[in-house]
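All residue numbers in this chain count up from 1 along the given sequence. In this text, all values refer to a predicted model and were calculated from it rather than measured experimentally. All ligand and atom numbering here is 1-based and tracks the order in the structure. Values below: all heavy atoms of this structure, side chains included; hydrogens, waters and symmetry mates excluded.
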Amino acid sequence: PVSIVAALAASARNGVLVKGGVYLEASANLNAIAFDKTGTLTAGRPTVVDITGLNGYSEEDLLARAAAMEAHSDHPIARAVVDCAQNRFIRLRSADDFQILPGRGATASFDGVQFWIGSQRYLEERELGTETVLQMISERANLGQTTVVVGDENGVCGIIAIEDTARDGAKDALRSLRKSGIRHLVMLTGDNKGTAQVIADQTEIDVVRAELLPEDKVAVIETLVATHEKVAMVGDGVNDAPAMGRATLGIAMGAVGSDVAIETADIALMTDDLSRLPWLVNHARRTLMVIRQNIGIALTIKVLFVLLTIMGYASLWAAIGADMGASLLVIFNGLLLMDGSEDD
Ligand code: ADP
Ligand code: MG
C-alpha cells in the first residue's frame with residue numbers, strides 16, 4: 001500500500017491523475033494504445049482556413065448558416081466555425097430545430113427549410129456528393145485539412161476547410177512508447193481517410209482507422225482487446241467516451257477533454273501532454289518492480305528467521321528487530337517512488 005500511495009502521489013505531481021492502483025498495474029502491461037485524432041493527436045484547436053460557396057451561395061451566407069447550426073455543438077470543429085463567423089463580424093442567421101448528429105455533424109432549419117453541416121461520410125450518406133465536391137474534399141484532405149460540407153435537402157451549398165495541426169511532441173511520445181515495447185499504436189477518427197493519413201504520417205502512427213462513428217470506435221476497441229488483450233484508449237471525450245469506457249484502460253486528455261471524458265476515464269493527463277504517456281508506462285513498471293522487490297525482501301527475511309529458529313540461533317528480540325526492520329525497509333523502498341523524475 002505504501003508503494004501504491006507513493007506512486008499515485010508522484011503521478012499527480014507529474015500531471016497524471018490515476019484513479020487507483022489497479023490502473024497503474026494495467027499501464028505497466030499495455031500491448032496496444034488507440035488514439036483519437038481530433039483533440040488528442042492534434043491540438044484540438046482547429047481553425048477555418050478556407051470557405052467556398054457553391055450553387056449561388058456567397059461566403060458570408062454560407063458562414064452565417066454554418067455558424068448558426070454549430071452554435072449549440074461543443075465539437076472543436078463547431079467552435080472553429082463559430083469563432084470564424086465572430087471574427088468576421090458576420091450576423092448569424094436565425095435558425096431552429098437544431099439537432100446534433102454525433103460523429104457526423106448537425107442540422108437546423110432556416111425559414112422552414114432544413115440545412116445540414118457535416119463530414120464527407122455524412123454527405124455520402126445523404127447521397128448528395130457530386131464529382132466536383134468530392135474532388136475538392138480530396139484536394140484539401142491531401143493538405144491535411146478537414147472539410148465540413150454545408151448543404152440543404154437538394155444539394156451542397158458550400159464547403160469549409162478546417163486545419164488542425166498535430167500536437168507538439170506527439171511524434172516523440174509515440175516513439176518512446178514504441179521503445180517501451182508497445183508495438184501497436186492505432187489512430188481512430190471520424191474524419192476522412194486522407195486527412196487522417198496526413199496526421200498519421202506526421203505523428204508516425206502505424207495503423208489508421210478513419211470514417212468511424214462513435215459506435216464504430218467501440219467496435220474497433222473490442223477487436224483490439226480481443227487480439228491484444230491489454231489496450232488503452234486515449235481520447236478527449238468528444239465522440240470517443242464510449243470507446244474509452246470499453247478499453248482496458250481509458251485515458252482522458254484532462255484540459256481539452258470534456259467532463260464526460262474525465263468522468264469515464266481511469267487516468268487523466270491533466271496537462272494534455274502526450275509525453276506523460278511513456279512516463280506513465282515507465283513509472284507504472286517501476287512501481288510494480290518495487291512492489292515485487294518488497295515482497296522479496298519481506299519473504300527472504302521471514303524465511304531466514306524460520307531457518308535460524310530451527311537451527312536454534314534466533315532470539316525473540318532479534319526476531320522482533322528483523323520484523324520491524326523488514327517493514328521499515330519495505331516502507332522506505334516504497335517511498336522512493338514518491339519522486340517520479342526518474343521515469344522521464
Ligand atoms: P475525431 O474522431 O477525429 O475526434 P469526430 O468523431 O468527433 O472526430 O468527428 C468526425 C467527423 O464528423 C469530423 O471530422 C467532422 O467532419 C464531422 N463532425 C462531427 N461533428 C461535427 C460538427 N458539430 N460540425 C461539423 N462536422 C462535424
Ligand atoms: Mg475527438
Can you tell me the N, O or S atom of Asp36 that's nearest the Mg ion (ligand 2)?
OD2
[atom]: which protein heavy atom is closest, and how many Å away?
atom: atom 24 (N) of ligand 1; answer: Glu70 OE2, 2.4 Å
atom: atom 12 (O) of ligand 1; answer: Gly103 O, 3.2 Å
atom: atom 17 (C) of ligand 1; answer: Arg104 O, 3.4 Å
atom: atom 16 (O) of ligand 1; answer: Ser119 CB, 3.2 Å

Do you know which two heavy atoms are closest between [X] and [Y], and how far apart they sit?
X: Asn14; Y: Arg276; answer: O-CD, 3.1 Å
X: Val330; Y: Asn294; answer: O-ND2, 3.3 Å
X: Ala7; Y: Leu24; answer: CB-CD1, 3.6 Å

[X]: numbered ligand 1 atoms lying under 4.0 Å from its heavy atoms:
X: His75; result: 5 (P), 7 (O), 9 (O), 19 (C), 20 (N), 23 (N)
X: Asn239; result: 5 (P), 6 (O), 7 (O), 9 (O)
X: Asp36; result: 1 (P), 2 (O), 4 (O)
X: Gly190; result: 1 (P), 2 (O), 3 (O), 6 (O), 8 (O), 10 (C), 11 (C)
X: Lys37; result: 3 (O)
X: Ile77; result: 13 (C), 14 (O), 15 (C), 25 (C)
X: Ser73; result: 23 (N)
X: Asp191; result: 10 (C), 14 (O)

Would you say the side-chain atoms of [X] pair up with the backbone N or O of [Y], donor to acceptor, closer than 3.5 Å?
X: Asn31; Y: Glu229; result: no
X: Ser11; Y: Val16; result: no
X: Asp152; Y: Gly155; result: yes

Evaluate the criterion salt bridge (charged side-chain N to carboxylate O under 4.0 Å, His left out) for residue pair Asp339 and Arg13; output intermediate values, then yes/no.
CA-CA 9 Å; Asp339 179 33; Arg13 241 188 296 140; 5.1 Å; no
With distance as the sole criterion, is a donor-acceptor pair present between the side chains of Gln197 and Asp201 under 3.5 Å?
yes
May I ask whether [X] has any heavy atom positioned less than 4.0 angstrom from an atom of ligand 1?
X: Gly39; value: no
X: Gly105; value: yes
X: Lys217; value: yes

Looking at side-chain heavy atoms only, is the closest gap between Leu269 and Trp279 below 4.5 Å?
no
Looking at ligand 1, does any of its N/O atoms fall within less than 3.5 Å of an N/O of Ala78?
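Such a contact does not occur with ligand 1.
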Does Ser275 have any side-chain hydrogen bond (donor to acceptor under 3.5 Å, both in side chains) partners at least two apart in sequence or in another chain, and if so, which?
Asp273
Check: residues 64-73 side-chain donor-acceptor pairs under 3.5 Å, at least two apart:
residue : atom : partner : partner atom : Å
Arg65   : NE   : Asp61   : OD1          : 3.2
Ser73   : OG   : His75   : N            : 3.1

